[in-house]
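Note that the structure is predicted; figures quoted are calculated from it, not measured.
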Amino acid sequence: MGNAGKEAGTVLHIKNMVCNRCIMAVEGCLKQSGLHPAHVELGTAVISEELTDEMLGKVRNALEALGFELIDDRKSLLIEQIRSEVIKLVHYGGNGLKVNLSEHLSSKLNRDYSSLSKLFSEVTGTTVEKYFIAQKIERAKELLAYGELSLNEIADILGYSSSAYLSAQFKSVTGLTPTHFRQIGENRRKPLDEV
């Protein structure tokens, strides 16, 4: 797949992509718009075509009809990249979430973490750390709902030093202990774009 020489095409930055279903929806939307997506991942779609303003408008409307949003300004783009990296890390990063969040985001986005953190807080009204914790708790809910793993195993997957620490954080965020959450049995998870 050698297109190292020419960078033809367009990179679209898209807000509200939070899961693999979102990737499929965006890919389908772009194809229905007559475009050829070369690569789609959380927050980004690379298409083969150069877009005219008219086509960009059509794509924007088609994406918005599905609950997505094209991002134009640099601040919004950076915020969405931070969100996407946190979601990828927590929900799709595999086992053992034992990374340093600030180093991870700095290296992925090639920016100083303090400036990323400051911008995120200013724009969203919450900290990157709180957003990270909220995502970890949503992931814990998912794993608890499956009912296949012990609390110790879930704590380990999510990078907690102990199940007691996970339980305390879980209760402070949800108002329930993990055990009580599991007993309730209903799926009380939020869609990731609402976290």
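Inspection of the Asp112 and Ser114 side chains reveals an N or O donor paired with an N or O acceptor under 3.5 Å. A donor-acceptor contact under 3.5 angstrom links the side chains of Glu49 and His36, judged on distance only.
Nearest heavy atoms, Val40 versus Ala45: CG2-CB, 4.1 Å. Considering every non-hydrogen atom in both Ile14 and Glu80, the closest pair reads O-CG, 3.9 Å. Closest non-hydrogen pair, Leu42 versus Val18, comes out as CD2-C, 3.7 Å. For Ser162 against Tyr165, the heavy-atom pair with the smallest separation is OG-N, 3.1 Å. Between Cys29 and Leu66 the shortest heavy-atom distance is CB-CD1, 3.7 Å. Between Gln81 and His13, the shortest heavy-atom distance links the atoms NE2-CE1, 4.4 Å.
Here NE2 of His104 is found 4.5 Å from CG of Leu89. Values are rounded to the nearest 0.5 Å. How far CG of Leu51 is from CG of Leu35: 6.0 Å, rounded to the nearest 0.5 Å. In this structure, CG on Asp156 lies 9.0 Å from OG on Ser150, to the nearest 0.5 angstrom. Rounded to the nearest 0.5 angstrom, Thr179 OG1 and Lys171 NZ are separated by 11.0 Å. The line from CZ of Arg83 to NZ of Lys88 is 14.5 Å long, rounded to the nearest 0.5 Å. A distance of 5.5 Å separates CD1 in Ile71 from CG in Leu77, rounded to the nearest 0.5 Å.
Residues passing the side chain to side chain donor-acceptor pair (under 3.5 Å) test with Asn110, sequence neighbours excluded: none. Taking the salt bridge (charged side-chain N to carboxylate O under 4.0 Å, His left out) definition, one finds that Glu27 meets it with Lys31, sequence neighbours left out. Taking Thr52 as the reference, nothing meets the side chain to side chain donor-acceptor pair (under 3.5 Å) condition, with sequence neighbours excluded. Under the ring-ring contact (aromatic ring centres under 6.0 Å, His included) criterion, Tyr113 pairs with no residue, sequence neighbours left out.
Side-chain contact between Leu166 and Asn152 is absent, with no heavy atoms from C-beta onward closer than 4.5 Å. Side-chain contact between Thr127 and Phe132 is absent, with no heavy-atom pair separated by less than 4.5 Å. Contact of the Thr177 side chain with the Phe170 side chain is not registered, since no non-hydrogen atoms from C-beta on lie closer than 4.5 Å. Between Ile184 and Leu176, some side-chain heavy-atom pair lies under the 4.5 Å cut-off. Using a 4.5 Å cut-off on side-chain heavy atoms (C-beta onward), Glu142 and Glu138 make no contact. Side chains of Ile154 and Leu144 form a contact here, defined as non-hydrogen atoms less than 4.5 Å apart. Counting heavy atoms from C-beta on, the side chains of Phe68 and Lys15 never come closer than 4.5 Å. In this structure the side chain of Thr174 never reaches within 4.5 angstrom of the side chain of Phe181, judged on heavy atoms.
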Worksheet item: Run the side chain to side chain contact (heavy atoms under 4.5 Å, CB included) check on Leu12 and Thr44 step by step: do they pass?
Response: CA-CA 6 Å; Leu12 301 174; Thr44 311; over 6 Å; no
Worksheet item: Where do Glu129 and Ser102 land on the side chain to side chain contact (heavy atoms under 4.5 Å, CB included) test, with the steps shown first?
Response: CA-CA 9 Å; Glu129 289 78 9; Ser102 57; 5.9 Å; no
Fill in: Test log, rule side chain to side chain contact (heavy atoms under 4.5 Å, CB included), inputs Val59 and Leu30
CA-CA 7 Å; Val59 169; Leu30 294 172; 3.9 Å; yes
Practice prompt. Check the pair Arg111 / Leu78 against side chain to side chain contact (heavy atoms under 4.5 Å, CB included), numbers first and verdict last.
Written response: CA-CA 10 Å; Arg111 291 181 189 264; Leu78 205 48; 3.5 Å; yes
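Both tests pass for Lys136 against the ring of Tyr160: distance under 6.0 Å to the centre and angle within 45° of the axis.
Within the structure, side chain to side chain donor-acceptor pair (under 3.5 Å) pairs that include any residue of residues 116-126 do not occur (at least two apart or interchain). Here side chain to side chain donor-acceptor pair (under 3.5 Å) pairs that include residues 54-71, with residues two or more places apart or in two chains, are Arg60-Asp72.
Between the side chain of Ser172 and the backbone N or O of Gln169 there is at least one donor-acceptor pair closer than 3.5 Å.
Linking Ile, Leu, Val, Met, Phe, Trp and Tyr whenever their side-chain heavy atoms come within less than 4.5 Å puts Val26 and Tyr92 in one cluster.
Tyr131 and Phe120 have tilted rings, their planes meeting at an angle from 30° to 60° on a 0 to 90° scale.
The environment of CG in Asp53 is sparse: at most 12 heavy-atom neighbours from other residues, nucleotides or ligands sit within 6.0 Å.
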